[in-house]
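Reading through the structure tokens given below for one structure.
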Amino acid sequence: MEGLTLSDAEQKYYSDLFSYCDSESTKKVAAHGRVLELFRAAQLPSDVVHQIMELCGATRLGYFGRSQFYIALKLVAVAQSGFPLRVESINTVKDLPLPRFVASKNEQESRHAASYSSDSENQGSYSGVIPPPPGRGQVKKGSTSHDTVQPRTSADQQEPVSPVVSPQQSPPTSPHTWRKHSRHPSGGNSERPLAGPGPFWSPFGEAQSGSSAGDAVWSGHSPPPPQENWVSFADTPPTSTLLTMHPASVQDQTTVRTVASATTANEIRRQSSSYDDPWKITDEQRQYYVNQFKTIQPDLNGFIPGSAAKEFFTKSKLPILELSHIWELSDFDKDGALTLDEFCAAFHLVVARKNGYDLPEKLPESLMPKLIDLEDSADVGDQPGEVGYSGSPAEAPPSKSPSMPSLNQTWPELNQSSEDTAIVHPVPIRMTPSKIHMQEMELKRTGSDHTNPTSPLLVKTSDLSEENKINSSVKFASGNTVADGYSSSDSFTSDPEQIGNNVTRQRSHSGMSPDNTAPPPPPPRPQPSHSRSSSLDMNRTFSVTTGQQQAGVVAQPPAVPPRPQPSQAAGPVVHRPVDADGLITHTSTSPQQIPEQPNFADFSQFEVFAASNVNEEQDDEAEKHPEVLPVEKASDPASSLRVAKTDSKIEEKTAASAPANVSKGTTPLAPPPKPVRRRLKSEDELRPEVDEHTQKTGVLAAVLASQPSIPRSVGKDKKAIQASIRRNKETNTVLARLNSELQQQLKDVLEERISLEVQLEQLRPFSHL
Amino acid sequence: MAVCVAVIAKENYPLYIRSVPTENELKFHYMVHTSLDVVDEKISAMGKALVDQRELYLGLLYPTEDYKVYGYVTNSKVKFVMVVDASNTALRDNEIRSMFRKLHNSYTDVMCNPFYDPGDRIQSSRAFDGMVTSMMIQVC
């Protein structure tokens with residue numbers, strides 16, 4: 001034969017082919033076997049094949065030496081190009097395209113040849129060329145190295161037998177490439193391989209014959225890229241993987257088949273239409289994916305855990321980097337598991353990648369899992385980002401929390417300020433043991449209590465005291481422990497005072513508790529001092545007015561006495577009998593506790609009266625005792641604000657009666673404080689009223705002169721009771737009004753908070769940059 | 001924004017480190033390395049208490065005249081270190097916290113990827129890269 005000059009590409013290609021055919025590494029290729037198949041794959045008429053063989057001298061030699069082989073290949077190319085077969089044509093025909101062997105085989109071979117330099121993968125692809133499924137297996141085998149040539153041969157031989165067997169490569173791969181190739185050159189070879197795999201391939205062949213633009217594309221890709229992909233598949237897990245996979249997964253074989261079919265289907269689709277949307281999944285593909293999903297996870301609504309998915313997709317022999325990226329794209333909800341949709345998307349991406357499509361940066365819309373949440377989002381790429389960020393919005397709300405503390409912080413500040421102001425007033429006034437002073441002190445105390453937005457009016461005295469302390473820390477000592485003061489005052493005050501104080505406190509606390517719901521009671525706060533004064537007035541007015549006016553007195557919420565009183569109230573109540581002593585002690589203690597306990601003021605006030613009214617009081621006490629006792633009992637258990645209030649009222653009444661209006665005095669003072677305290681005030685008002693009634697209205701009237709007007713129904717029990725009832729009702733209404741006001745305040749504050757949060761939200765994006 | 005972002009593994013080797021390219025990256029790498037001492041110091045200081053009580057955000061580790069270094073540690077002792085430009089005074093603590101949160105979220109997503117081998121360099125995650133890019137200073 002004449003000398004053969006080959007281009008580099010040809011050289012590579014031919015050597016590749018030769019190696020492929022030279023299964024025995026003997027540098028000689030038998031005329032039969034692979035070479036024959038190869039030539040047949042060239043889709044040349046058999047006579048041409050014979051002619052070629054003759055020309056290259058194989059017939060002469062009986063085998064294909066390397067040179068003969070190369071010549072033969074060149075002649076094949078010549079023949080395929082349509083040039084007459086002549087020895088001279090070998091070198092004369094310039095720019096001869098590489099011989100293309102039938103469909104997959106040829107294409108693969110050509111591609112392999114082209115990419116052969118890249119790696120031995122091409123060899124693998126060779127094998128894949130023949131029948132798609134077997135091709136795959138062979139591709140793999142080939143890929144390993146020439147060592148596998150022999151096994152490949154066997155594999156080749158087996159290929160027709162067990163086409164799909166090689167699951168090693170991810171299913172779609174070979175079929176795809178195969179398709180590509182086959183489609184392009186000729187559908188003939190495809191048929192051959194199809195025969196092996198079975199019916200699946202027939203459509204494949206058909207598809208091939210109906211080569212469409214896709215084929216054109218593929219053919220255009222003939223060299224490396226497409227092959228590369230396929231190669232990569234076969235490549236990564238070379239024989240070893242193949243072998244391991246082979247035995248391990250019989251399933252895979254079937255899957256391979258199905259994959260092959262799916263791939264054919266895909267190809268068909270691709271050819272036919274989907275150029276608009278290369279990412280669309282055809283029904284066949286989808287079905288195939290679903291089947292694959294089932295093999296891993298029988299429940300179609302379940303998840304494939306990440307590890308299983310990893311194993312599965314690793315079989316595709318794509319580089320880990322790409323698989324990782326595919327995972328990133330397809331795992332929408334970033335949960336480390338794949339749902340059916342996600343799995344289909346991932347699988348489709350793998351198939352596409354194997355076919356040479358580059359992975360998109362963002363998940364294509366057609367691959368979006370049809371999930372409820374994410375489906376609507378139009379952003380393809382953003383989806384993963386969105387998913388990733390799904391958590392972040394959750395972070396946003398928490399970020400609002402900082403705003404809250406600020407809001408919360410305002411409350412105590414307000415309280416303190418208010419308390420300060422509140423406290424300031426009483427101090428000087430307190431010194432003089434006058435009714436007014438006492439009232440003011442009461443008011444102050446209650447006011448301070450009220451001012452504590454956070455001070456729980458609940459039974460927890462300690463809490464109150466603490467809160468009051470906190471809030472009124474600046475105030476005076478007594479004031480600081482308003483709560484404490486209340487409680488302490490309770491303890492300090494002599495019995496009657498304490499009782500009264502406790503009672504008032506309880507009531508005030510109860511009244512306060514509702515108040516506390518509104519964190520910052522700024523408006524009420526300032527009032528304490530004012531309230532006191534006003535309360536004083538109120539008291540006066542009360543004293544002047546009838547019980548009806550108690551509602552007016554309610555304008556100033558009675559200071560909320562510390563909660564602890566219930567228990568204390570009981571105690572003090574007991575002490576009631578010791579009025580005189582109590583009064584005295586009260587008076588003595590009152591100056592100290594004046595700021596703390598409005599009751600003190602009352603007591604001090606009452607002292608005078610008490611002394612004068614001892615007799616009367618005693619009588620009243622007698623009357624009241626029975627009332628007191630039951631009242632106390634009732635009050636004690638009733639720690640609720642309202643109840644306490646009412647109870648305290650009653651207790652106050654009784655207490656007042658006992659200690660001679662001590663309670664009354666306190667009660668009148670209590671009401672004035674803040675609007676929050678109104679309730680208490682009303683209670684206090686009522687209490688004094690009741691007390692008065694219970695006791696001697698006359699005495700009470702005198703005592704309460706400075707206090708809110710208390711209907712001085714001349715003391716008949718019935719009348720007193722009725723009056724007390726009336727007062728209670730009024731107090732109730734006042735308290736109810738207070739409650740509504742506070743609720744309104746609360747709403748306003750909440751709205752404010754919401755608006756601030758919204759502002760924060762708006763500002764947040766800027767901070768993130 | 002950040003000038004350099006680094007993710008350090010539990011064993012104190014870097015999993016991911018990326019700086020603004022215009023600067024001498026070696027300098028940032030060195031700063032990150034030295035900041036690890038501060039991180040360890042902070043961790044050990046709180047180590048007595050339960051991990052739950054430990055704040056993930058470590059705050060400013062140390063300031064230099066040009067840069068400030070912030071730290072964040074996860075419950076699995078993976079550390080995030082961020083170097084920001086000291087002249088960027090507009091950057092508030094909350095912003096740094098949010099940036100670390102985003103980092104943490106992205107890191108978690110990378111961990112969820114079954115193809116990512118814990119202990120490997122984070123080089124495969126484009127989402128992570130994209131997120132870090134968004135946090136880095138926009139240097140033209």
Side-chain angles (χ1 to χ4, degrees), chain A residues 304-314 316 318-338 346 350 359-363 381-396 398-403 760 763-769, chain B residues 1-3 5 15-16 20 55-57 59 70 72 74 82 84-85 87-139:
Chain A
I304 290 186
S307 52
K310 175 182 178 177
E311 287 176 21
F312 183 83
F313 287 114
T314 307
S316 72
L318 280 179
I320 297 291
L321 202 63
E322 298 193 7
L323 288 174
S324 174
H325 186 61
I326 287 174
W327 175 276
E328 270 188 2
L329 289 177
S330 57
D331 187 8
F332 245 37
D333 43 12
K334 302 280 184 244
D335 58 355
L338 296 181
V350 166
L359 289 178
E361 291 297 322
K362 302 177 181 179
L363 194 63
D382 292 348
Q383 287 275 351
E386 288 173 1
V387 175
Y389 267 92
S390 59
S392 55
E395 298 172 355
S399 64
K400 292 180 188 174
S401 55
S403 66
L760 182 65
L763 292 172
R764 188 179 300 107
F766 300 111
S767 67
H768 283 319
L769 287 183
Chain B
M1 302 315 292
V3 172
V5 173
L15 292 176
Y16 181 91
V20 167
E55 180 69 35
L56 297 181
Y57 175 69
Y70 291 90
Y72 181 99
T74 69
M82 188 188 310
V84 299
D85 205 358
S87 58
N88 191 352
T89 53
L91 214 54
R92 293 180 293 120
D93 195 59
N94 275 343
E95 296 173 4
I96 304 284
R97 281 180 192 265
S98 69
M99 286 162 72
F100 274 126
R101 262 201 299 274
K102 284 197 291 184
L103 253 179
H104 199 169
N105 282 343
S106 294
Y107 177 75
T108 309
D109 292 340
V110 169
M111 279 292 138
C112 283
N113 191 332
F115 299 102
Y116 170 75
D117 192 12
D120 287 350
R121 286 188 53 206
I122 304 176
Q123 55 192 358
S124 61
S125 170
R126 302 188 199 176
F128 192 82
D129 283 340
M131 190 274 309
V132 172
T133 308
S134 70
M135 288 170 45
M136 311 265 296
I137 289 184
Q138 307 302 327
V139 180

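Computed from heavy atoms alone, side chains included, the values below leave out hydrogens, waters and symmetry copies. Nothing here was measured: the structure is a model prediction, and the numbers come from that model. Numbers restart at 1 for each chain; the letters A, B, ... are given by sequence-line order, proteins then strands.
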Atom pair CD (Gln123(B)) and CD1 (Ile320(A)), whose distance is rounded to the nearest 0.5 Å
11.5 Å

Taking every non-hydrogen atom, the tightest pair across Trp327(A) and Pro114(B):
CE2-CD, 2.9 Å

To the nearest 0.5 Å, tell me how far Asn94(B) CG sits from Arg764(A) CZ.
9.0 Å

Asp129(B): what forms a side-chain hydrogen bond (donor to acceptor under 3.5 Å, both in side chains) with it, not counting sequence neighbours?
Tyr16(B)

Got a donor-acceptor contact below 3.5 angstrom from the Asn113(B) side chain to the Ser324(A) backbone?
yes

side-chain hydrogen bond (donor to acceptor under 3.5 Å, both in side chains) filter on Ser125(B), not counting sequence neighbours, yields Glu328(A)

